[in-house]
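The chains referred to below are lettered A, B, ... by the order of the sequence lines, with proteins before strands, and numbering in each begins at 1.
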Protein chains: 2
Amino acid sequence: MTSEQSKSDISRARILDAAAKMFRQKGYAATTLIEIARAAGMQAGSLYYHFGSKDELLEEVLDIGMRRVHEAVEESQERLPADSSHRDRIRAAVEAHLTTLLKHDDYTSANIRIFGQVPEEVQQHHIRQRDAYAELWRHIFTKAQKSGALSSDVNLGVVRMLLMGALNWSVEWYRPGRTSIQAIADHMCLMLFNGIGIEEPAQSRENETVT
Amino acid sequence: MTSEQSKSDISRARILDAAAKMFRQKGYAATTLIEIARAAGMQAGSLYYHFGSKDELLEEVLDIGMRRVHEAVEESQERLPADSSHRDRIRAAVEAHLTTLLKHDDYTSANIRIFGQVPEEVQQHHIRQRDAYAELWRHIFTKAQKSGALSSDVNLGVVRMLLMGALNWSVEWYRPGRTSIQAIADHMCLMLFNGIGIEEPAQSRENETVT
DNA sequence: ACATGTTTCGAACGTACATTAGATTTACGA
DNA sequence: TCGTAAATCTAATGTACGTTCGAAACATGT
């Protein structure tokens, strides 16, 4: 164990990378240890030197994914000037979340894509972690609303879930090269803060026929 | 075959219902034919009287799910008065999509949840159908933008994907009883058209007491 | 060069699953 | 009541997969 990175650490990382990538692509159940091992350059049996089971490997992938996006958003807030506006804070959080999701990070996108279909027992082990991340967002939004930057009539919980959905769903359609991540974040913030509807001054009521 | 519904049809429907429900819950690969059969009140082998393979069963579930939401949104548009505003048209589409997703329909939510992790060959068979649905939305949005109801500066494609994401993600968090489907649709439309940011005319900086 | 610990291999095991096919039961018209 | 077709059952088959374990290969300090 001379170098900083032992051989074991390197292999472990390769296995995790491969697992995250394939879990994201095909889901957990459909991904075989044989595939993961091949992608990591070894035999299936060798995985057990590093991980106790397929489930354990899954749990580590999920954990890393959630930790990364959590840390990214947290740091985005800490990096802001202390007197930043609430809009800027939310914008920074949106950018951090989206960038983590779409830039290299198979771990976070794997977590988002497969979590709902993972064995229930595994889900239980990660609920606390997910709640903590949700709490981070709740905090940002609540502060913004209390200070008057966000409308006080809206159900912030619903807004937050809609926002997270809009962002998370990007893993299903985003492909590098077409639209930039920044452009997506900008559109999201524009919608969130201002909407994209045009007020028609002549016909100021938009509420005939409510069905 | 006396009645309108032959026994075969009834069994077939029960199998499909069970399959949609479990695919939605656990994903495709993790769902076994034994479970589906049990939920449908029969033995695994009996499924093959109705379906040629597990894949074939999957494809029918996916097809039904997409067809239902497509028809729902289409009918929502046809039901509107001919002179309806573009906002009302979009609002009706949002409500139709969301209601289909969250009200009883395991087929549509199964489609949305598992499509990205289904065997690639199966995906190919449904791309056309998905494109057709996307086209329906694109049409609604394009008309609205051209007529001036939506800002002309925005990338409508991005907005549409963000919107679909916000709606689709609701299958991951919505639980009947808490927030009504209508409330979710209302919040979505509010965000889309007006946003929830507050303009602060007097004090254009909204940055006291941060942290 | 040797010895010891680390990492990977390779083959084998057990199991769970999709699928098949013949036997059995059910429904129903004659 | 009987006969036939529809629908389901039951048991068997093959296979793919997660997992195990002892042997082999590799690395490293002495």
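- Checked against ring pair (Phe, Tyr, Trp, His ring centres under 6.0 Å), B:H70 has the following partners two or more places apart in sequence or in another chain: B:Y133.
- The side-chain heavy atoms of A:D186 and A:L190, taken from C-beta on, include no pair separated by under 4.5 Å.
- Salt bridge annotation for A:R38-A:E35: absent, with no cationic side-chain nitrogen under 4.0 angstrom from a carboxylate oxygen.
- Distance A:L58 CG to D:dT19 P: 11 Å, rounded to the nearest Å.
- Two residues are said to be in side-chain contact when any heavy atoms from C-beta on lie closer than 4.5 Å; A:F23 and A:R113 fail this criterion.
- For A:E71, the side-chain contact (heavy atoms from CB on, under 4.5 Å) partners at least two apart in sequence or on another chain are A:R67, A:E75.
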Footprint string (nucleotides 4-19 of chain C, 5' to 3'): B base within contact, S backbone only, - free, heavy atoms under 4.0 Å: --SBBBB------SSB
